[in-house]
Number of protein chains: 2
Amino acid sequence: MNLSSYAGGVAADDTPRVLVDQVLGLASVLTGSVRELVRDLDLTDTLANVVWVLDPDADPVPLRRLAGRLQCDPSNVTLLADRLEEKGLAERRPHPDDGRVRTLVLTPEGVQVRRRMIEYVRNRSPLAALDADQQEQLRALLALASGRD
Amino acid sequence: MNLSSYAGGVAADDTPRVLVDQVLGLASVLTGSVRELVRDLDLTDTLANVVWVLDPDADPVPLRRLAGRLQCDPSNVTLLADRLEEKGLAERRPHPDDGRVRTLVLTPEGVQVRRRMIEYVRNRSPLAALDADQQEQLRALLALASGRD
DNA sequence: TCCTTCACTTGAGCTTCTCAAGCATTATCA
DNA sequence: TGATAATGCTTGAGAAGCTCAAGTGAAGGA
């Protein structure tokens, strides 16, 4: 028996790694579950994610805050906003109070695309396999695990 | 009262979208929680992910299967393998039974790097906020949600 | 007013990724 | 066996994504 690989409870300590694998795996499955639609819409995953993040019911998002939300450099957001504008899915709007700030807002077509993505996920993602209770449990645990309980 | 945004149980149907946000958000937090180490090791997120995926206790992985696991084109794996070899973290090995196949295996240094990443996650990721029971619950729910119960 | 700070953009340059084409090895089957 | 097909990997071209440094214009404080 090989002590070096068994002693010290290595198997038990392996739990966090497995959890990480599961979370990343599920994230991958989820983005994969809309990819077909996203490709049909002639979008890349990155652009689709921006559309996903742009809630039309919330306040317009300054590009800088969008960069924070996407965890990337502001200059990258400039590029992504350019592409979405080219495609007619979003447009820049000046901030009413601050001339430096520009916000990115979905066009009606963008809102429609976003709606289709959400619909698609609801119907095809494996999350549908969970009943309401389980979804609620999962939501609570994920909130805990995200550190923003 | 605006019926168009309230009627039809929109709020209730919004649950899957929220869950997706949570899962993607947690995935982002988790990869973010090792980023500091990854940068110190002079690795990109992509390369770090390959190292993460390469379990030294499992059978050597043919590049083609690695492409499947990473959900990318085989030609991309060629490139990633090149980089990891340059850095001395992994090396290609011929498959004993099939001359066409090459496998990618972590070097001792690569194994060490992987161990440090796992250790880092265990100590710093928000998953640590969950007790053993909650971790087990989460694992079970994620397995269900991933469709590979 | 002057200077600083802030938000965004631009340009250079790298990494990641895909697609099509190519090479070598293995499998199939007449 | 020998021709043909299938498989696994690599190469090259090119697009997308991303960052860093530098630049422009607006806002705010001394």
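Lettering of chains follows the sequences in order, A, B, ..., and the numbering in each one begins at 1.
When the P atom of C:dT15 is taken as reference, atom CG of A:N76 falls 16 Å away, rounded to whole Å. One interatomic measurement links the two molecules: CG of B:D73 to C1' of D:dC9, which rounds to 11 Å at whole-angstrom precision. Rounded to whole angstrom, the span from the CZ atom of A:R65 across to the P atom of C:dA7 amounts to 12 Å. Note: CG (B:D45) to P (D:dG17) measures 16 Å, nearest angstrom. In this structure, CD of A:E86 is placed 13 Å from C1' of D:dA15, rounded to the nearest angstrom. In this entry the distance linking CG of A:D82 with P of D:dC18 reads 14 Å, nearest Å. For the pair A:L84 CG and D:dA16 P, the computed distance is 13 Å after rounding to whole Å. Taking atom CG of residue B:L104 and atom P of nucleotide D:dG8, one finds them 17 Å apart after rounding to whole Å.
Side-chain contact between A:L80 and A:L47 is present, with heavy atoms from C-beta onward closer than 4.5 Å. In this structure, the side chains of B:L43 and B:V113 come closer than 4.5 Å at one or more pairs of heavy atoms. Looking only at side-chain heavy atoms (C-beta outward), B:E36 and B:L41 stay at 4.5 Å or farther from each other.
Contact check, A:R64 against C:dA7: a side-chain N or O comes under 4.0 Å of OP1 or OP2. Proximity of A:R100 to the phosphate of C:dC6: no side-chain N or O atom is located under 4.0 Å from OP1 or OP2. Remark: B:R83 is in phosphate contact with C:dT15, judged by side-chain N or O atoms under 4.0 Å from OP1 or OP2. Close to D:dT10, at under 4.0 Å from its OP1 or OP2, lies a side-chain N or O of B:R92.
With A:T107 contributing its side chain and A:L89 its backbone, the two residues share a donor-acceptor pair below 3.5 Å. A donor-acceptor pair under 3.5 Å is formed between the side chain of A:Q135 and the backbone N or O of A:L127.
Comparing atom distances between the B:P74 side chain and each of D:dT19, C:dT9, D:dT10 picks out D:dT10 as nearest. Comparing D:dT10, C:dT16, C:dC8 against the side chain of B:L63 picks out D:dT10 as the nearest. Candidate nucleotides D:dT7, C:dA7, C:dG11 were compared by shortest atom distance to the side chain of A:S75, and C:dG11 ranks first. Side-chain proximity of A:T44 to the nucleotides C:dC17, D:dA16, C:dC8 is greatest for D:dA16. If you check D:dC20, C:dC17, D:dC9 against the side chain of B:L80, the one that comes closest is C:dC17.
Base contact: B:T78 has a heavy atom under 4.0 Å from a base atom.
Along DNA chain D, the nucleotide nearest B:D98 and the nucleotide nearest A:L79 are compared for position; the residue whose nucleotide lies closer to the 5' end is B:D98. Of the two residues contacting DNA chain D, namely A:L47 and A:D97, the nearest-nucleotide position lying further toward the 5' end is that of A:L47.
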